[in-house]
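Report on the structure given below.
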Amino acid sequence: MKDSQVRIRIPIHHPKEHRQASLAKESSGSIATSLQKNKLMQQQPGTTGALPPIAKTHRRTTALTSTIHTVGAMLPDTGTAPGNTYDASRRQGPQPHLRPVAGRAPRWGSRRPWLPFAAMAGVLVLAMAVPALMAWPRQAVQPLPSGSRTAAPAQPNTAAKSEAPVTRLPGVPPMPAVPAAPARSVPAAPARSVPAAAEPDVRVYVTSTGRTETLPLEQYIVGVVAAEMPPSFEEEALKAQAIAARTFITRRLLADDTSGAPAGADVTDTVKHQAYISKAKLTREWEHSGKSADLTKIRQAVRDTKDTIMVYDGKPITASFFSTSNGYTENSEDVWAKAVPYLRSVSSPWDKQLAPRFTETVTLSRQSLFDRLGLSRAAVTASTGGGSMPEIRILSKTEGHRIKKIEVGGSVFTGPEIRNKLGLRSAEFTWKTEGDRIAITTYGYGHGVGMSQWGANGMAKEGHTATQILLHYYTGISFANASRILS
């Protein structure tokens, strides 16, 4: 019994020989099978009784060490010394999870030879799927609507001039810095494209021929700008005039307003509505008479502002304009007895510097003055105490520095009323009597409500854009498309 125990201990103290014998019989990489075989070896005939505790310990340690070294030889080198792995295993002692499980087949045994190939196939499928997922199209990021942006990108405007240093006169407020092109909110694109509204026609009664001419709206605006503003004016002033003229006719077309025009016409070609030069006359007297460059300039201004109008509360405004201010424009109620929120008095100092006929003096006889104002000689004599000329006295003035009420020979007239009766250029005037005659000097030209054309030209010369000009003369307005309004 003692000799038998010695024979059994000899291979235990030589793990190298034991490891070689085990590897010849075991499957490579199977820890559970190796442990099972070691257990069976303890039960072979020729070994009687249980091994001493020391032999069991040495045998278990030898088998576990042999298995760990075998598995370690199969793993890739990670830079950790084998001795470190062995020491950690010894410190931990026997590993319960490495004990053999009865009836469990080897992981890569003969019953499942397809498992390695399935694993390799899965790796190949994953390798091909990753590039496909990386190239999968992603939803493009939609731009934010214009209303939610903190700073909208600047819109290009090839027609606008570079802003020049502005010479400001005393009492003139600074101009707002706004883009040359009217700012428009761009709505989200509809699911289906909507065809653009057709350009409306305008029916113009031509007084020289007595006929009504029908033409597209934009072509009508060319005729109005050519008639209402000198082509020598700055481009931005011509653009402002085009927008004002388009706004005026759009308002009438929207309201179906044909007042003051003959049957079958929308407007006349006179200042009663808007002055207008017919297409035939433009061709005959402009294109073929050395003014083709002027006509081209006007047409370009109309194209640059195409379809743009001024609105207030979403509706086209009454875009009134006049030739020359006296330094200020008028509140609408001082001329037409109706207050309009966007027709407010503003300063206009450019006219005095540029307008060639800023002041003009007319002389009237006493009799002509009586006749135009509807005054009788007896009434005038009674009011003046026997004098030859009626007494003239200003009672009040408007915010635009024009005469609001005036007394002549005992009768009271409004400023616009006496201007019309006497045929004066402006409601601001001074007078001087010379014997039986009276000399009246006027300042500016026109009713004074809305945009001053000479003022617009002065602003354009200082570098202001058409939009800035209109925002100055029409208080609180914005811009819209005529086609959308009329549709």
Side-chain angles (χ1 to χ4, degrees), residues 198-233 237-303 305-310 316-324 335-336 357 419-420 423 425 445-454 456-457 482 485-486:
E199 183 178 345
D201 289 333
V202 180
R203 301 171 299 173
V204 189
Y205 178 78
V206 182
T207 54
S208 60
T209 63
R211 297 180 179 180
T212 298
E213 182 178 301
T214 302
L215 69 164
L217 185 145
E218 295 299 323
Q219 188 173 326
Y220 166 72
I221 300 303
V222 172
V224 172
V225 176
E228 289 284 4
M229 181 172 280
S232 60
F233 274 25
L238 292 171
K239 292 177 187 179
Q241 181 65 63
I243 295 174
R246 188 182 295 108
T247 304
F248 176 87
I249 188 61
T250 299
R251 180 182 176 89
R252 285 182 66 90
L253 294 177
L254 182 64
D256 198 19
D257 182 8
T258 60
S259 58
D266 298 311
V267 289
T268 66
D269 63 347
T270 66
V271 293
K272 186 176 184 179
H273 298 113
Q274 292 187 126
Y276 166 78
I277 299 177
S278 66
K279 180 180 179 181
K281 188 174 182 180
L282 285 176
T283 302
R284 181 177 66 254
E285 299 183 5
W286 288 54
E287 287 188 357
H288 304 307
S289 301
K291 298 179 66 176
S292 59
D294 292 339
L295 184 57
T296 299
K297 183 179 179 181
I298 292 174
R299 285 173 174 167
Q300 185 62 47
V302 174
R303 280 194 297 268
T305 62
K306 182 179 180 180
D307 203 32
T308 303
I309 62 172
M310 294 177 285
I317 70 170
T318 300
S320 59
F321 51 88
F322 61 100
S323 173
T324 311
V335 179
W336 299 323
R357 297 174 62 186
R419 170 181 173 253
N420 293 331
R425 289 170 58 88
Y445 180 30
H447 51 65
V449 181
M451 183 183 70
S452 166
Q453 293 173 317
W454 276 100
N457 193 43
I485 296 292
L486 294 175

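Basis for what follows: all heavy atoms, side chains included, without hydrogens, waters or symmetry-related copies. Note that the structure is predicted; figures quoted are calculated from it, not measured.
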- Pairs meeting criterion salt bridge (charged side-chain N to carboxylate O under 4.0 Å, His left out) with involvement of residues 202-226, two or more places apart: R203-D266, E218-R246

- Side chains of F248 and Q274: closer than 4.5 Å at any heavy-atom pair? yes

- Item | P316 side chain reached by R252 side chain, heavy atoms, under 4.5 Å | no

- Message: The test is side chain to side chain contact (heavy atoms under 4.5 Å, CB included); show your working for S452 and F322 and say whether it passes.
- Response: CA-CA 5 Å; S452 166; F322 61 100; 3.7 Å; yes

- Item | Working for side chain to side chain contact (heavy atoms under 4.5 Å, CB included), residues L295 and E287 | CA-CA 7 Å; L295 184 57; E287 287 188 357; 3.4 Å; yes

- Message: Within a 6.0 Å radius of atom OH on Y445, are there more than 12 heavy atoms belonging to other residues, nucleotides or ligands?
- Response: no

- Task: Mark yes when over 12 heavy atoms from residues, nucleotides or ligands other than K279 sit less than 6.0 Å from its NZ; otherwise mark no.
- Result: no

- Nearest-0.5 Å distance that lies between atom CD1 in I221 and atom CD in E228: 10.5 Å

- Trace of the side chain to side chain contact (heavy atoms under 4.5 Å, CB included) decision for L217 with L253: CA-CA 10 Å; L217 185 145; L253 294 177; 4.1 Å; yes

Counting N and O atoms only, with roles assigned by atom type, does the side chain of [X] sit under 3.5 Å from a partner on the main chain of [Y], one being a donor and the other an acceptor?
| X | Y | result |
| --- | --- | --- |
| T247 | M310 | yes |
| Q453 | Q241 | no |
| T305 | T308 | no |
| S320 | V449 | yes |

- Query: Which residues pass the ring-ring contact (aromatic ring centres under 6.0 Å, His included) test with F321, sequence neighbours left out?
  - Reply: none

- Message: Checking Y276 against V267 for the side chain to side chain contact (heavy atoms under 4.5 Å, CB included) test, could you report, in this order, the C-alpha distance in whole Å, the side-chain angles of both residues, the deciding distance, and whether it holds?
- Response: CA-CA 10 Å; Y276 166 78; V267 289; over 6 Å; no

- Mind checking whether F233 and W454 have parallel, tilted or perpendicular rings, split at 30° and 60°? perpendicular

